[in-house]
Amino acid sequence: MTRIFDDPATFTEDMLAGFVDANQRYVAPVPGGVVRATETPTGKVAVVVGGGSGHYPAFCGLVGPGFADGAVVGNVFTSPSAADAVSVGRAADGGAGVVFSTGNYAGDVMNFNQAVARLAEEGIDARYVLVTDDIASAPPNERTKRRGIAGDFTVFKVASAAAEAGYDLDGVQRVAERANDRTRSLGVAFDGCTLPGADKPLFTVDEGKMGLGLGIHGEPGIADYPLPSAAELAKILVDGVLADAPEDAGTRVCVILNGLGRTKYEELFVAWRTVSRLVREAGLDVVEPEVGELVTSLDMAGCSLTVMWLDDELEKLWSAPADSPAYRKGALISSDAGQRRTGADTAAVASGLPQGPADEGARAAAATIVAALEAMAGAVADAEEELGRIDAVAGDGDHGRGMVRGTGAAVEAAREVSAAGAGPATTLTAAGDAWAARAGGTSGVLWGAALAAVGRALGDAGRPDARRVAEGVRAGYEALVQLGGAKPGDKTMLDAWLPFSDALTTAVGHGESLVDAWSVAVGEAQSAAQATAALRPKVGRARPLAERSLGTPDAGAVSLGMCVAAVARVLSERDGGGEAAPDEGGGS
């Protein structure tokens, strides 16, 4: 059980503050995580790793010379937001681009892909490499669906060493992907882990049993087996991993026997005694093995075996020296000798906010956006219980709570930047980032991306006319499709967003004012939301309970209808339904 904490709600922030203070020689804090204490040399590719916390020394413990240039740190077992990844990537960039790498988890995939796109808009070339090493999570013919567990370490190490050696962006991405293609892992759990402040573990394992195929976010194994001896456990792990070897495997391997938090080094060495023998008996040469805690899961009792099949290039990169807070190898010819970062400089680079206030029209539009978000927050707060009830029919029942958290965070962020003179794009981006960071779940990530896309379409100059607002709504829809992978008919909020967007675009095209066009579109959205009751969900958590979902509308579509209706009231109050000048269209 996790016993040392002050407030469980701030556990990650408190941990990160202590980590930074204890490792000032290596790291400097930025919003969303940490970067190296010295600036990235001009022309060096920056490698930024990340994911939820609870896995130390992954991820922040691996930032330092020869290893990562930065780490994005989310809450315990929770993906960091796209804004966090952008912040760390921006601060780490040395002008040669950024390679992000995380395990293959839905939240990470959505948020880091968004970060890549947003950095590209700023002129920073960024790439994203997923780790898919866990052989228990999907069969060989579906390797792209596999989770990333302790194989994160081999991929991160290879990519970082390549960047340190002067590889260009394409080269770092290439070797990281090759390392992933040649890495396999299998883990076992003897007991579950407990989140800070919780009174029971996320799962338990029966006495005398172990779970095979665990996940590092507190997921139990896929099957229970009798608890074996150390030698028997070694054989299970070695046989499982070697059976999944890549086609062009070769005979030289790096091997990691990784502890998950509560299986101590002495126990791991007992198991390694047999693991090493079995690997060598299989005709493989072990290169610089690692036995210890490298990718943990809080206080989970268990271990995992990782094998990366080497070629000459991968072996050189695996063996290259590194010096980070939690991992050291060899002797670096020279450590970081660049300019040390200052707190003010780091914060300024990471923020990426435009300097100076927007023009009068843009500031007025931002004030309307703040009012609209406030109305949305009020609407979902009033409907929180009902949205939760709808969601619980075939989901986890947290949609109402997530919408309340997300809209509340969005309002706070939008008020702050609007008061500082921001325009629509900056206001909506800040609101979307806060929504995604605070709401939790896929819905929060999607709303965050949609608001940011609307903002980009509106821009930060002038008061957007009705046509530009309709284009922004369409951009939000397209961002949802691209990010979430759903389509109309899958029983998601897209089923209300698309009719809303179509109706708005059509009405504006016919010369309607924004207020009138928006009101017409609200009716279409709400009718479409209710019509989702006849649909079967095809994506997300509700998919396995598709039959149970019949007869109940999608909670996300319903809440979208509530939100756009709330915005309609704000537009009516502020503009009174009147037309703007002919060359502007209806004002926002």
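- Between Asp490 and Lys487 a salt bridge is recorded (basic side-chain N to carboxylate O distance below 4.0 Å).
- No side-chain N or O of Thr132 forms a donor-acceptor pair with one of Asn104 less than 3.5 Å apart.
- In this structure a side-chain-to-backbone donor-acceptor pair under 3.5 Å is present from Asn113 to Val109.
- For the residue pair Asp495/Thr532, the side-chain donor-acceptor check at 3.5 Å is not satisfied.
- Atom-to-atom distance recorded for Tyr128:OH and Gln114:CD is 11.5 Å, nearest 0.5 angstrom.
- Taking the six-membered ring where the residue is Trp, Phe500 and Trp518 present perpendicular rings, their angle passing 60° and hence far from 30°.
- Here Ile369 contributes atom CD1 and Met376 contributes atom CE; the two are 11.0 Å apart, rounded to the nearest 0.5 Å.
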**Item:** Candidate pair Thr183 and Asn180, rule side-chain hydrogen bond (donor to acceptor under 3.5 Å, both in side chains), full reasoning
**Value:** CA-CA 5 Å; Thr183 298; Asn180 180 59; 5.9 Å; no
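- You'll find the side chain of Val172 stays beyond 4.5 Å of the side chain of Arg127, heavy atoms only.
- The residues Arg146 and Asp134 are annotated as not salt-bridged, no charged nitrogen and carboxylate oxygen being separated by less than 4.0 angstrom.
- For the residue pair Glu177 / Gln173, a side-chain donor-acceptor distance below 3.5 Å is found, with atom types taken as modelled.
- In this structure, Arg474 and Leu498 have side chains that are in contact, with non-hydrogen atoms separated by less than 4.5 Å.
- Aromatic ring pairs are classed by plane angle as parallel below 30°, tilted from 30° to 60° and perpendicular above 60°; the pair His217 and Tyr105 is perpendicular.
- Using a cutoff of 4.0 Å between basic side-chain nitrogens and carboxylate oxygens, Arg389 and Glu386 are scored as salt-bridged.
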